[in-house]
Chemist: 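The structure that follows is given in the form of structure tokens.
Sequence lines set the chain letters: A, B, ... in the order given, protein chains first and strands last, and positions in each chain run from 1.
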Amino acid sequence: KEKHKILHQLLQNSTSPVDL
Amino acid sequence: NALPQKKTFSVGGVVENKVVSLLLVAEPEGIFAMPDPTVPESDIKALTTLCDLADRELVVNIGWAKHIPGFPSLSLADQMSLLQSGWMEILILRVVFRSLALEDKLVYAEDYIMDEEQSKLAGLLDLNNAILQLVKKYKTMGLEKEEFVVLKAIALANSDSMQIEDSEAVQRLQDVLHGALQDYEATNHPEDPRRAGKLIMTLPLLRQTAARAVQHFCSIKQDGRVPMHKLFLELLEAK
């Protein structure tokens with residue numbers, strides 16, 4: 001998973017999903 | 001963290017499905033390819049444009065995945081695994097849906113539509129023909145936007161990663177999405193009780209086409225003549 005830093009960051013930087 | 005209840009409700013006289021409605025709202029706008037007008041047309045230019053577009057589409061699609069009901073409840077590792085397996089299917093399905101209105105052309109972006117000649121120039125004739133086979137299938141069926149958004153979420157949830165930690169949670173996500181598709185069809189296409197199944201049966205061709213695309217772009221990467229951004233590279237390497 002170390003190799004997949006950008007995907008990890010993009011998923012983690014998520015605020016929780018917007019309240020639709 | 002529970003998955004949303006599958007339910008059907010009525011808005012303004014139109015019967016809608018909660019999951020389908022959420023997915024319609026979450027559906028990202030298309031982005032522009034913006035090919036560099038100062039660079040003469042060539043295979044390298046076309047591939048550079050497509051790889052850059054794919055990289056930006058991926059960022060958008062990762063944001064989209066977070067809005068799939070139930071997806072954010074999965075562990076971060078399982079979210080990553082599904083995206084690492086299913087990203088190309090999502091990219092292709094979006095191109096396919098955008099191309100439904102045209103004849104023998106692929107709408108990679110509103111400002112980047114490839115016909116046969118351009119596909120040849122870019123060395124993508126075989127791949128684009130495979131994608132056009134999907135377009136043809138969905139055209140024949142009259143694929144609707146509601147069906148497209150659910151099918152795309154199903155493709156991600158069903159991407160068959162070997163690295164899933166909590167397969168029961170992924171199964172629950174698949175069940176919710178599959179149920180949403182079945183409910184939608186029962187309400188909107190009662191004349192064709194097999195329509196949901198027919199849509200699901202298009203997924204093997206999507207999987208096969210995505211595998212071809214990944215293989216093709218992996219060999220382009222090995223060639224080293226086309227610049228690629230980091231996220232696109234990272235996901236190509238995940239394959």
Side-chain angles (χ1 to χ4, degrees), chain A, chain B residues 1 3-4 11 16 18-28 54-87 90 149 153 156 161 163-165 228-239:
Chain A
K1 302 283 180 204
E2 265 302 292
K3 280 164 65 187
H4 305 117
K5 278 193 202 148
I6 302 172
L7 176 59
H8 189 271
Q9 273 168 14
L10 284 169
L11 280 169
Q12 219 171 19
N13 288 349
S14 68
T15 43
S16 50
V18 284
D19 214 9
L20 294 167
Chain B
N1 268 356
L3 288 168
V11 184
E16 286 191 19
K18 178 90 196 262
V19 172
V20 175
S21 304
L22 289 170
L23 290 172
L24 282 173
V25 175
E27 185 55 25
D55 189 77
R56 288 182 289 118
E57 272 267 342
L58 283 169
V59 175
V60 168
N61 285 322
I62 291 163
W64 158 79
K66 289 189 239 167
H67 293 146
I68 298 174
F71 186 85
S73 311
L74 299 176
S75 70
L76 189 58
D78 283 349
Q79 293 179 35
M80 287 180 69
S81 297
L82 291 180
L83 281 162
Q84 283 163 356
S85 297
W87 62 277
I90 295 160
V149 294
L156 178 62
S161 165
Q163 266 94 42
I164 296 299
E165 290 172 346
M228 292 176 176
H229 295 295
K230 281 184 186 166
L231 179 60
F232 185 63
L233 278 175
E234 193 178 283
L235 288 168
L236 271 183
E237 279 158 17
K239 288 280 194 182

Chemist: Measure the spacing between CG of B:L231 and NZ of A:K5 and express it to the nearest 0.5 Å.
Modeler: 14.0 Å

Chemist: How close do A:H8 and B:L76 get, heavy atom to heavy atom, and via which atoms?
Modeler: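 Closest pair (atom of A:H8, atom of B:L76, distance): NE2-CD2, 3.3 Å.
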
Chemist: Measure B:L235 against the heavy atoms of chain A and call it side chain, backbone, both or neither at under 4.5 Å.
Modeler: side chain

Chemist: Determine yes or no for a side-chain-to-main-chain donor-acceptor pair under 3.5 angstrom, with B:E234 supplying the side chain and A:L7 the backbone.
Modeler: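 Yes; judged by distance alone, with no hydrogens or angles, the pair exists.
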
Chemist: Any chance you could measure A:H4, atom NE2, to B:Q84, atom CD, to the nearest 0.5 Å?
Modeler: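 These two atoms lie 4.5 Å from each other.
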
Chemist: Is B:L58 close to A:L10 at the side-chain level, that is, under 4.5 Å between some pair of heavy atoms?
Modeler: no

